[in-house]
Amino acid sequence: MKQRPVLYICRPRTLERPYKALEHLNGAHSLRSDMAACTLRRFLKFSRITQMQHRTISVYTETHGFHEDALKKKLSQFSGGSVDLSLDDSGIGVLTLNNPSRMNAFTGTMMVELLDRVKELEDWKDGKGLIVRGAGNTFCSGSDLKAVKAISSSHEGMKMCMYMQNTLTRLSRLPLISVALVQGKALGGGAELSTACDFRLMTPESEIRFVHKHMGLVPGWGGAARLVHIIGGRCSLQLLSSAHKVNPEQALGMGLIDAILSSGDRPLDETHKWLSQFTEGPVEVIQAIKKVVVSGREQQLEAALRTEKDIFGTVWGGPSNLQALSQGTKHK
Ligand SMILES: CC[C@H](C(=O)O)C(=O)SCCNC(=O)CCNC(=O)[C@H](O)C(C)(C)COP(=O)(O)OP(=O)(O)OC[C@H]1O[C@@H](n2cnc3c(N)ncnc32)[C@H](O)[C@@H]1OP(=O)(O)O
C-alpha cells in the first residue's frame with residue numbers, strides 16, 4: 001500500500017506578498033517591469049523549490065514537540081565511536097560508522113554525528129553518490145546497548161526514535177544515489193539503517209537481521225515502514241516476526257538487496273565501481289533523477305507530478321540538455 005505522503009506542497013504563506021507583486025507586475029507593460037517580473041518569477045520558482053525541499057527534510061519538528069538541540073544534548077552524554085565522511089572528486093562520498101570494538105553500535109554521539117554528516121551531504125553541491133559502510137569488516141549492530149539501558153522510559157525512547165527517523169529520512173532524501181555496503185552483520189538498527197539507502201549490497205558471508213523481536217521491540221528508526229516499501233508486507237512480516245538471519249542469497253531472492261559482491265578483499269572498491277554505473281554523468285542531472293524518484297516514492301500522484309514538473313524545469317534548457325541537443329546525441 002502506498003505510504004501517506006509526509007508533505008503537502010502548497011504556496012507558502014511567506015510568499016503571498018511576492019505573488020501579489022507578480023500579479024501586479026503582470027499587468028504592467030514597460031520593459032523594466034517585464035524584466036522585474038521575469039526576475040521575480042525566477043525568484044519565486046527557486047523559492048518554491050527551496051521551500052519544498054525544506055519541507056521534505058524532517059518528519060518531526062517543534063510542532064510535534066520535537067526539539068533537536070535538546071535531544072542532541074541528551075545523546076551527547078553517551079559517547080564513543082565516530083561517524084566519518086570522505087568525499088571524492090568523482091562525486092561519491094563514503095560514510096563510515098566507526099565503532100568496531102562494539103561492532104559499530106550507535107552510541108549517542110554517533111547519532112549526533114550522523115545527523116551532522118547528513119547535513120553536510122545535503123550541502124554537497126558536487127555530490128552524486130554515497131556509500132554507507134561500517135569500519136572493521138562489519139556493518140552495524142544497532143543502538144549501543146549501554147546507552148539503550150540508560151534511556152529506558154518510553155517517552156525518552158520515542159524521542160530517540162524521532163531523532164533517528166529524522167536523520168534516516170533525511171539520508172534517504174539526499175539528492176545522492178546511496179548504497180549500503182553490508183559486510184559482516186547488520187543487526188537491529190543496523191538493518192534499519194541499510195533500508196534508508198537506495199540500494200544494498202552484501203558480501204558473501206554477511207547477514208541482515210531484524211532482531212528487534214528478541215529485544216522486546218519493533219523497529220523504530222523507520223525500518224519497518226521502509227522495509228514494507230522494499231520487499232512488501234508479507235516478506236516484511238516474516239523477517240520481523242521470525243527475527244531470522246537473512247543471508248545474501250535469501251536477501252537477493254526477496255529483493256532486499258541488489259547484488260552480492262565477490263569474495264574479494266576490496267568490497268569498498270567493488271561497491272564504488274557498482275555505484276559508478278548510476279552516478280556517471282552531469283551532477284545536476286543525477287541529483288534531479290534522485291529528486292524525482294524521492295517525490296515519486298513519497299508523494300501522492302498529483303503532488304509527485306507537480307514536483308516532477310518543477311524539477312524538470314531545473315534541467316530543461318540547462319547546459320547538459322543544450323550540449324546533448326547540439327551534439328545530435330543518438331541512443332544506439
Ligand atoms: C531501534 C533500534 C534498536 C534499539 O535498540 O533501539 C536496536 O538496534 S535493537 C538491536 C540492538 N543490538 C543488539 O542487540 C546486538 C547485541 N549483540 C550481539 O548480538 C552480538 O554482540 C553480535 C551478534 C552483534 C556480535 O557477536 P560476535 O560474537 O561476533 O561478537 P561479540 O558479541 O563478542 O561482540 C563484540 C563486542 O561488541 C559488543 N557489542 C556488539 N553489539 C553491541 C551493541 N549493540 N551495543 C553495545 N555493544 C555491542 C559486544 O558486547 C562485545 O563487546 P565486549 O566488550 O567484548 O563484550
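Given the structure is predicted, the values throughout are model-derived calculations rather than measurements. Both backbone and side-chain heavy atoms feed into the values below; hydrogens, waters and symmetry mates do not. Note that ligands are numbered from 1 as they come in the structure, with each ligand's atoms numbered from 1 the same way.
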Contact table ligand 1 N or O to protein N or O, d under 3.5 Å:
| unit_1 | atom_1 | unit_2 | atom_2 | d |
| --- | --- | --- | --- | --- |
| ligand 1 | 5 (O) | Ser143 | OG | 2.5 |
| ligand 1 | 6 (O) | Ser143 | OG | 3.3 |
| ligand 1 | 8 (O) | Ser143 | N | 3.0 |
| ligand 1 | 8 (O) | Gly189 | N | 2.9 |
| ligand 1 | 12 (N) | Ser141 | O | 2.9 |
| ligand 1 | 37 (O) | Ser101 | O | 3.3 |
| ligand 1 | 41 (N) | Ser141 | OG | 2.9 |
| ligand 1 | 44 (N) | Ser141 | O | 3.1 |
| ligand 1 | 44 (N) | Ser141 | OG | 3.3 |
| ligand 1 | 44 (N) | Ser143 | O | 3.0 |
| ligand 1 | 45 (N) | Leu145 | N | 2.9 |

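Under the 4.5 Å side-chain criterion, counting only non-hydrogen atoms from C-beta, Met110 is not in contact with Leu75.
Side chains of Gln299 and Thr307: a donor-acceptor N/O pair is present below 3.5 angstrom, by distance only. Defined by atom type and a distance below 3.5 Å, a donor-acceptor pair is present between the side-chain atoms of Ser320 and Glu284.
Residues Lys128 and Asp88 are not paired through a salt bridge, judged by the lack of any N-O separation under 4.0 Å between the basic side chain and the carboxylate. Ion pairing between a basic and an acidic side chain is recognised when a charged N comes within 4.0 Å of a carboxylate O; Arg226 and Glu298 show no such pairing.
Partners of Glu113 under the salt bridge (charged side-chain N to carboxylate O under 4.0 Å, His left out) rule, at least two apart in sequence or in another chain, are Arg117.
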